[in-house]
Amino acid sequence: MIKFFRHIRQKVLSKNKFSRYLLYATGEIILVVIGILIALQINNWNDLKKERQIERQYLEALRSEFVANLEKLDASITSCNTLAAQLGTLLTYFEPKKSDTINSATIARNFGEALRYQINFNPNTGVQKDLISSGNLRQIRNAVLRQKIASFDTALGEIEKQESGAIDVKDDIGKTIIKLVSMRPIFESGGSEVLGNSKFEEVDVKLVFNNMEVENNLILYQAITKSTGLVYYTPLKKDIEGIIALIDSELGN
């Protein structure tokens with residue numbers, strides 16, 4: 001096409017027809033401008049395609065991360081419910097003469113299980129933190145999804161405080177029990193350890209049910225356990241499910 005205009009230009013100039021030459025020169029300029037615009041548009045399309053590919057890679061990685069976190073959180077919720085039930089069983093032994101109807105081995109086993117359980121949610125956050133620290137969170141076009149990903153750490157921080165409080169109360173229970181009775185049957189109740197014989201006389205574990213401090217700490221521990229599951233874990237589960245749904249929408253799943 002450019003050769004065509006060049007041929008016409010030379011022909012027009014040879015006939016000294018400047019006005020026509022100006023017309024065709026303008027056409028050449030327009031043609032060049034159009035070519036530049038098309039090239040720029042193609043370049044923009046290529047850049048946009050690369051950005052969408054990067055976004056998709058992040059979305060797929062985020063989905064895998066949050067699906068794994070959802071499975072972990074379900075396990076943590078189950079642990080909370082199990083622990084709350086165990087603590088509830090222990091609290092019934094404080095009823096008048098109730099502990100007399102339960103053998104010491106069963107009580108030791110119940111205490112051992114309750115003290116071994118740990119309220120803990122340890123999520124995977126590698127992809128989420130990389131997005132934020134690298135500034136690549138902007139690659140995610142969905143503003144709602146960006147906000148949820150950015151605020152995920154805040155929710156985890158509140159949960160960590162709650163879990164830390166539960167650990168402190170559990171430690172207080174152990175510190176009180178260790179002053180009252182022998183810990184041997186409690187540690188051996190799970191069958192994982194056999195400590196052997198001791199020169200000290202074994203104090204019946206039922207003695208703890210005469211101690212108000214143990215009862216109060218068990219009540220507090222159960223309350224914290226229940227609230228962790230209901231007030232912290234359950235809402236977080238809904239948030240994670242919402243994030244996964246948004247990611248699926250963006251991926252077209």
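Keep in mind it's a predicted model, so treat the numbers as computed, not measured.
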Inset, instruction - With rounding to the nearest 0.5 Å, note down the distance linking CD1 in Ile224 to CG in Leu87. - result: 10.5 Å

Inset, instruction - Calculate, to the nearest 0.5 Å, the distance between atoms CG and CD belonging to Asp130 and Gln128 respectively. - result: 10.0 Å

Legend entry - Any donor-acceptor N or O pair under 3.5 Å, side chains Gln162, Ser227: yes

Legend entry - Straight-line distance of Leu246 CG to Ile140 CD1, nearest 0.5 Å: 11.0 Å

Legend entry - Residue pairs fulfilling ring pair (Phe, Tyr, Trp, His ring centres under 6.0 Å) with at least one residue in residues 50-103, sequence neighbours excluded: Phe66-Phe152, Tyr93-Phe209, Phe94-Phe209

Inset, instruction - Taking the side chain as every heavy atom from C-beta outward, state whether Ile77 and Phe121 have any pair of such atoms under 4.5 Å apart. - result: no

Legend entry - Stepwise side chain to side chain contact (heavy atoms under 4.5 Å, CB included) test for Gln222 and Leu218: CA-CA 6 Å; Gln222 186 190 46; Leu218 284 173; over 6 Å; no

Legend entry - Distance-only polar pair, side chains of Asn217 and Lys170, donor-acceptor under 3.5 Å: no

Inset, instruction - Please test Ile132 against Lys129 for side chain to side chain contact (heavy atoms under 4.5 Å, CB included), starting from the C-alpha separation and ending with a verdict. - result: CA-CA 5 Å; Ile132 295 173; Lys129 288 184 176 179; 5.8 Å; no

Legend entry - Atom pair CG/CG of Leu90 and Asn110 - distance to nearest 0.5 Å: 5.5 Å

Legend entry - Donor-acceptor pair between Asn81 and Thr78 side chains, under 3.5 angstrom: no

Legend entry - Donor-acceptor contact present, side-chain Ser79 to main-chain Ala75, <3.5 Å: yes

Inset, instruction - Kindly indicate whether the side chain of Leu156, heavy atoms from C-beta on, has any atom under 4.5 Å from the side chain of Pro123. - result: yes

Legend entry - Reported NZ-to-OG distance for the pair Lys237 and Ser76, which is rounded to 0.5 angstrom: 11.5 Å

Legend entry - Pairwise side-chain contact, Ile119 with Thr225, heavy-atom cut-off 4.5 Å (strictly under): yes

Inset, instruction - May I ask you to test the Asn136-Gln139 pair for a side-chain heavy-atom distance under 4.5 Å? - result: yes

Inset, instruction - Please examine the side chains of Leu180 and Val214, heavy atoms only from C-beta on, and report whether any two atoms are closer than 4.5 Å. - result: yes

Inset, instruction - Taking all non-hydrogen atoms of both residues into account, name the closest pair between Cys80 and Gly229 and its distance. - result: SG-N, 4.0 Å

Inset, instruction - Tell me whether Val208 is reachable from Val169 by hopping between hydrophobic residues (I, L, V, M, F, W, Y) whose side-chain heavy atoms are closer than 4.5 Å. - result: yes

Legend entry - Stepwise side chain to side chain contact (heavy atoms under 4.5 Å, CB included) check, Leu131 with Leu62: CA-CA 10 Å; Leu131 271 172; Leu62 279 169; 3.4 Å; yes

Legend entry - Atom of Ala155, atom of Leu236 and distance for their closest heavy-atom approach: CB-CD1, 4.0 Å

Inset, instruction - Test Leu145 against Leu59 for side chain to side chain contact (heavy atoms under 4.5 Å, CB included), laying out the working first. - result: CA-CA 10 Å; Leu145 180 56; Leu59 288 173; 3.7 Å; yes

Legend entry - Ser64 (side chain) donor-acceptor with Glu60 (main chain) under 3.5 angstrom: yes

Legend entry - Where Ala68 and Asn124 come nearest, the two heavy atoms and their spacing: CB-ND2, 3.7 Å

Legend entry - Pairwise distance CG(Asp239) to OG(Ser151) - rounded to 0.5 angstrom: 7.5 Å

Inset, instruction - Please tell me if the side chains of Leu83 and Gln86 come closer than 4.5 Å, counting only heavy atoms from C-beta onward. - result: yes

Inset, instruction - Indicate the atoms forming the closest heavy-atom contact of Lys206 with Ile107, along with that distance. - result: CG-CD1, 3.6 Å

Inset, instruction - Count the heavy atoms of every other residue, nucleotide or ligand shown that sit under 6.0 Å from NZ of Lys226, and state whether that count exceeds 12. - result: no

Inset, instruction - Using the salt bridge (charged side-chain N to carboxylate O under 4.0 Å, His left out) rule, collect all pairs that involve residues 133-162, keeping only residues at least two apart or in two chains. - result: Glu55-Arg141, Glu158-Lys161

Inset, instruction - Flag yes if Val231 and Ile167 sit in one hydrophobic cluster, no otherwise; membership is Ile, Leu, Val, Met, Phe, Trp, Tyr, and two members link when side-chain heavy atoms are under 4.5 Å apart. - result: no

Legend entry - Heavy-atom check, side chain of Asp248 versus side chain of Ile244, under 4.5 Å: yes

Inset, instruction - Would you tell me whether Asn142 and Glu250 have side-chain atoms, one donor and one acceptor, within less than 3.5 Å of each other? - result: yes

Legend entry - Asn211 and Glu215, any side-chain heavy atoms less than 4.5 Å apart: no

